[in-house]
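Heads up, the thing below is written out as structure tokens.
Quick note: numbers below take in every heavy atom, side chains included, and nothing from hydrogens, waters or symmetry partners.
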Amino acid sequence: MDASTSPSVLEARTVEAVVKYVKEHDVKRVVVGAGISTSAGIPDFRSPDTGIYANLAFLDLPEPEDVFDISFFRENPKPFYALAQELYPGRFRPTIAHSFIKLLYDKGILLKHFSQNIDCLERQAGVPGDVIIEAHGSFASQRCIDCKEPYPDADMHEKVSKQEVAHCASCNGLVKPDIVFFGEALPRAFFDHADKVKEADLCIVMGTSLSVHPFASLPGLCTDNTPRVLINMEQVGGLGSRKDDVLLLGDCDTGVRKLAKALGWEEELETLWEGTKLEVEEEQTIPQTRDERLQDEVDRLTEEVDRTLGLTDAYQSKVRERLESHDAHRQSGLAHVFPHLA
């Protein structure tokens, strides 16, 4: 869009103009499309050096994408369960961008939130599941891949925490979270609710490359007179091609803070986000990371050896090195993808 072209609905293609539009037009139907979890410490899938697929050597897969391939899962579900332990809800704190979506809901103006993420951080931030459309599924529920019988949440949590494969109580089929694998269709809810985008009086897109279809087509469903705001590191998906597109280029957390401040919601947003910190800290006092469990075991065995055999310091060091190298290849892969575990 030529910068000299005048917008048709907004006064200008600025944050201030968006705020004025929200207040003067009594905006009530905001649609959000997002993939905003990288600043929470969860890597994306496709970045060449830091993405999940680029760092799965520790799973010894024929191809990295096989970890999310339904045919491969049927033959060998263990690699997925190893990765699932690191991605499972409760290990990461929602970002302030997730809390911004919750704030839109609290204000009564969130029509739908379309998410590309599988991590459930929107739910953890307090956004109700009935306004979230998880386009690629999520860890929020799980079922048998054969008979489709739902599997209990608590049982799934226990299996994943132990890296044990869950089996259906009815038919003994394999159980997996309702994440869309390669070879599976997107959830019906995505297609049933995609037209909600046409009802939006404001569309906010943030934290996404808009490179995966059909999710990438959602912003294009907005009517021509619906302002669209892109909060992203780079311009993507044709955002900026319409007269009333507003680009906030930069990281999402900074962008939502800027928008919330302009709306007069800054204090409410920070309060909401602070609440997620307290909840997550309580949850994370229960499970230990693999590094912590390994270190506890190293300390226990070293103390036992020292007590019973009176080994020298030099020999103790060799014992420790031996124990710590037991899972070295696997740990190096995880530490690179999930730096919070390093």
What is the distance from atom CG of Asn117 to atom CD1 of Ile179, rounded to the nearest 0.5 Å? 11.5 Å
Do the numbers put Arg257 on top of the ring of Trp265, so that NZ or CZ is under 6.0 Å from the six-membered ring centre and no more than 45° off the axis? no
Please assess Ser99 against Glu274 for the test side-chain contact (heavy atoms from CB on, under 4.5 Å), listing each intermediate value before the final yes or no. CA-CA 9 Å; Ser99 292; Glu274 183 66 22; over 6 Å; no
May I ask you to check whether Gln142 and Asp153 show a side-chain donor-acceptor distance below 3.5 Å? yes
If you round to the nearest 0.5 Å, how far is NE2 of His167 from SG of Cys144? 10.0 Å
Which heavy-atom pair separates Ser211 from Ser209 by the least distance, and what is that distance? OG-OG, 2.7 Å
For Phe114, which residues count as a ring pair (Phe, Tyr, Trp, His ring centres under 6.0 Å) partner, sequence neighbours excluded? none
Under a 3.5 Å distance rule, please check whether Lys112 uses its side chain to pair with a backbone N or O of Asp130 as donor and acceptor. yes
Can you find a heavy atom in the side chain of Glu158 that is under 4.5 Å from one in the side chain of Val160? no
Shortest non-hydrogen separation from Gly220 to Arg242 and the atoms involved: O-NH2, 3.2 Å
Is the closest side-chain heavy-atom distance between Pro150 and Ser141 below 4.5 Å? no
Asp66 vs Phe73, side-chain contact (heavy atoms from CB on, under 4.5 Å): CA-CA, chis, key distance, verdict: CA-CA 8 Å; Asp66 287 341; Phe73 180 82; over 6 Å; no
Between Asp69 (side chain only) and Phe72 (backbone N and O only), is there a donor and an acceptor less than 3.5 Å apart? yes
Please report whether the ring centroid of Phe80 lies less than 6.0 Å from that of Phe181. yes
When rounded to the nearest 0.5 angstrom, what is the spacing between CZ in Arg143 and CG in Leu174? 15.0 Å
Pro177 and Met156: which non-hydrogen atoms are nearest, and at how many Å? CD-CE, 3.5 Å
So, Trp273 side chain and Phe100 main chain: donor-acceptor pair closer than 3.5 Å or not? no
Is Phe68 close to Leu83 at the side-chain level, that is, under 4.5 Å between some pair of heavy atoms? yes
Verify the neighbour count for atom NZ of Lys107: are there more than 12 heavy atoms of other residues, nucleotides or ligands below 6.0 Å? yes
Check the surroundings of atom NE2 in His157: do more than 12 heavy atoms from other residues, nucleotides or ligands lie under 6.0 Å from it? no
Phe182 with Phe190, same ILVMFWY side-chain cluster at under 4.5 Å: no
Run the salt-bridge test on Glu164 and Lys78 with the 4.0 Å N-O cut-off and return the result as yes or no. no
To the nearest 0.5 Å, how far apart are CG in Leu272 and CD1 in Ile101? 12.0 Å
Counting distance only, does the side-chain N/O of Asp244 pair as donor-acceptor with the main-chain N or O of Pro227 below 3.5 Å? no
Give the intermediate values and the outcome of side-chain contact (heavy atoms from CB on, under 4.5 Å) for residues Val246 and Thr14. CA-CA 6 Å; Val246 176; Thr14 63; 5.7 Å; no
So, does Thr271 use its side chain to make a donor-acceptor pair with the main chain of Glu267 at under 3.5 Å? yes
Rounded to the nearest 0.5 Å, how far apart are CD of Glu184 and CG of Asp178? 8.5 Å
Given the options Phe92, Tyr88, Tyr151, Phe139 meets ring-ring contact (aromatic ring centres under 6.0 Å, His included) only with Tyr88
Hey, any chance Val19 and Val9 share a hydrophobic cluster, counting ILVMFWY side chains that come within less than 4.5 Å of each other, even indirectly? yes
So Val15 and Val18, do their side chains get closer than 4.5 Å, heavy atoms only? no
Smallest heavy-atom separation, Tyr81 atom then Val175 atom, equals OH-O, 2.6 Å
Determine, using the 4.5 Å side-chain heavy-atom cutoff (strictly less than), whether Leu239 and Val212 are members of one ILVMFWY cluster. no
Using side-chain heavy atoms (C-beta onward) and a distance below 4.5 Å, is Thr95 in contact with Cys252? no
Contact between Glu270 and Ile96 at the side-chain level, heavy atoms closer than 4.5 Å - yes or no? yes
Under a 4.5 Å side-chain heavy-atom rule over Ile, Leu, Val, Met, Phe, Trp and Tyr, are Ile109 and Leu10 clustered together? yes
Is it true that Glu16 and Lys20 have a side-chain N and a carboxylate O under 4.0 angstrom from each other? no
Roughly how far apart are Glu268 CD and Leu263 CG, rounded to 0.5 Å? 10.0 Å
Under 4.0 Å between a side-chain nitrogen and a carboxylate oxygen: does that hold for Lys102 and Glu122? no
Hey, can you tell me if His136 and Phe215 have their rings parallel, tilted or perpendicular (30° and 60° cut-offs)? tilted
Shortest non-hydrogen separation from Asp245 to Gly240 and the atoms involved: OD2-N, 2.7 Å
Is a salt bridge present between Arg74 and Asp146, judged by a nitrogen-to-oxygen distance below 4.0 Å? yes
Do Tyr105 and Ile231 sit in one hydrophobic cluster, given that two such residues count as connected whenever their side-chain heavy atoms are within less than 4.5 Å of each other, even indirectly? yes
Keeping Arg13 on the side-chain end and Lys243 on the backbone end, is there a donor-acceptor pair under 3.5 Å? yes
Just distance, no hydrogens or angles: give the donor-acceptor pairs under 3.5 Å from side chains in residues 194-207, sequence neighbours left out.
| from | atom 1 | to | atom 2 | distance (Å) |
| --- | --- | --- | --- | --- |
| Asp201 | OD1 | Arg29 | N | 3.0 |
| Asp201 | OD2 | Lys28 | N | 3.0 |
| Asp201 | OD2 | Arg29 | N | 3.3 |

Residues at least two apart in sequence or cross-chain that pass ring pair (Phe, Tyr, Trp, His ring centres under 6.0 Å) with His25, listed by chain then number, are Tyr21
Output, in order, the C-alpha distance, side-chain angles, deciding distance and verdict of salt bridge (Lys or Arg N to Asp or Glu O under 4.0 Å) for Glu266 and Lys258. CA-CA 8 Å; Glu266 184 178 25; Lys258 182 176 181 179; over 6 Å; no
Validation row: Gln235, Leu247 side chains within 4.5 angstrom (heavy atoms): yes
Using distance alone, with no hydrogens and no angle criterion, decide if Gln116 and Thr208 have a side-chain donor and acceptor under 3.5 Å apart. yes
To check you understand the geometry: which heavy-atom pair defines the closest contact between Gly90 and Gln124, and what is its length? N-OE1, 3.7 Å
